[in-house]
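Below is one structure, written out as structure tokens, with a few remarks after it.
Atoms within each ligand, like the ligands themselves, are counted from 1 in listed order. Quick caveat, the model's predicted, so the values are computed rather than measured.
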Amino acid sequence: MKKIADSLDDIRRKISVLERKYQRPAGSVRLLAVSKTKPVEDIQAAIDASQADFGENYAQEAVGKIADISNPRINWHFIGPVQSNKTRTISELFQWIHSVDRKKIAQRLNDSRPEDLPPLNICIQVNISNEDTKSGVVLCELDELARICSGLPRLKLRGLMAIPLLSNSFEQQRKPFRQLKEKFIQLQSAYPSMDTLSMGTTHDMEAAIAEGSTMVRIGTAIFGERM
Ligand SMILES: *Cc1c(COP(=O)(O)O)cnc(C)c1O
């Protein structure tokens, strides 16, 4: 199996090639390493290779890993579906959450964010291609949710996230990302704190970067297939 440090190098190189190919500024696409289901040793190997941003999907799993690693320089990003009984855990342990998709969750995260920490960085997850997963706010309710989130003092609205249906066609992959980008630009004029478009995974990273992604969430290409 390829070493994690080598995979990280490959992905970083790929990202900079794609930045150039699509006339994106160098360094404008941040790499989030998605470490869900992977052991602490793998995360540590990535940290040793200078990776600082990690994404986790399951609060319960993340609690132990974050405690074991216990490194203040790491940014932990929660990217999975949020259960309301996990909002306190998330707001205490994570620097970012990408999957805010309803008012109740935003409110609970705000209320439980510890006073001694800066506001929690949030992205609103949008159900852009109306995928049958129930996660993500539908487009027609996005403005309202953005307004609510931006008014909560313990949250900092940073951007939008989407997980479109997987397609093998590059053009099909680009469409939902383009839609999300358009929405992002509209909202940005009302909420200048928005600077993040969280889109693209191992399988659709190029389409996402072509359409303006500022943060790609890569698991498989760094850590290998998940069991
Ligand atoms: C698992 C996951 C990823 C990473 O997917 P890969 O195909 O392994 O790169 C990205 N985003 C979310 C929300 C995920 O759950």
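In terms of protein heavy-atom proximity, atom 11 (N) of ligand 1 is closest to Arg217 NE, 2.9 Å. Of all protein heavy atoms, the one closest to atom 12 (C) of ligand 1 is Ile79 CD1, 3.6 Å. Here the protein heavy atom with the shortest distance to atom 3 (C) of ligand 1 is Lys36 NZ, 3.7 Å. Of all protein heavy atoms, the one closest to atom 9 (O) of ligand 1 is Thr202 OG1, 2.5 Å.
With ligand atoms numbered from 1 in the order given, ligand 1 contributes 9 (O) to contacts under 4.0 Å with heavy atoms of Ile218. Near His203, with a cut-off below 4.0 Å to any heavy atom, the atoms of ligand 1 are 7 (O).
Gln51 places a side-chain N or O within donor-acceptor distance of the main-chain N or O of Leu31, the cut-off being under 3.5 Å.
Results of the side-chain hydrogen bond (donor to acceptor under 3.5 Å, both in side chains) test with Thr87 over Arg108, Gln107, Glu92 single out Arg108 as the only residue that passes. Results of the salt bridge (charged side-chain N to carboxylate O under 4.0 Å, His left out) test with Glu56 over Lys38, Lys36, Arg217, Lys65 single out Lys65 as the only residue that passes.
Between Trp76 and Phe54, the distance from one ring center to the other falls under 6.0 angstrom.
For the residue pair Glu206/Tyr22, the side-chain donor-acceptor check at 3.5 Å is satisfied.
In this structure, Trp96 and His77 have parallel ring planes: the angle between them is below the 30° cut-off, well short of the 60° mark.
Ligand 1 lies less than 4.0 angstrom from a heavy atom belonging to Arg226.
Residue Gly219 has at least one nitrogen or oxygen atom sitting less than 3.5 Å from a nitrogen or oxygen atom of ligand 1, judged on distance alone.
Considering CG of Leu165 and CD of Gln172, their distance stands at 10.5 Å, rounded to 0.5 Å.
Contacts between Asn57 and ligand 1 below 4.0 angstrom, taking non-hydrogen atoms only, involve the side chain exclusively.
Considering only non-hydrogen atoms, atom 13 (C) of ligand 1 lies nearest to Ile163 out of Ile222, Ile163, Thr220.
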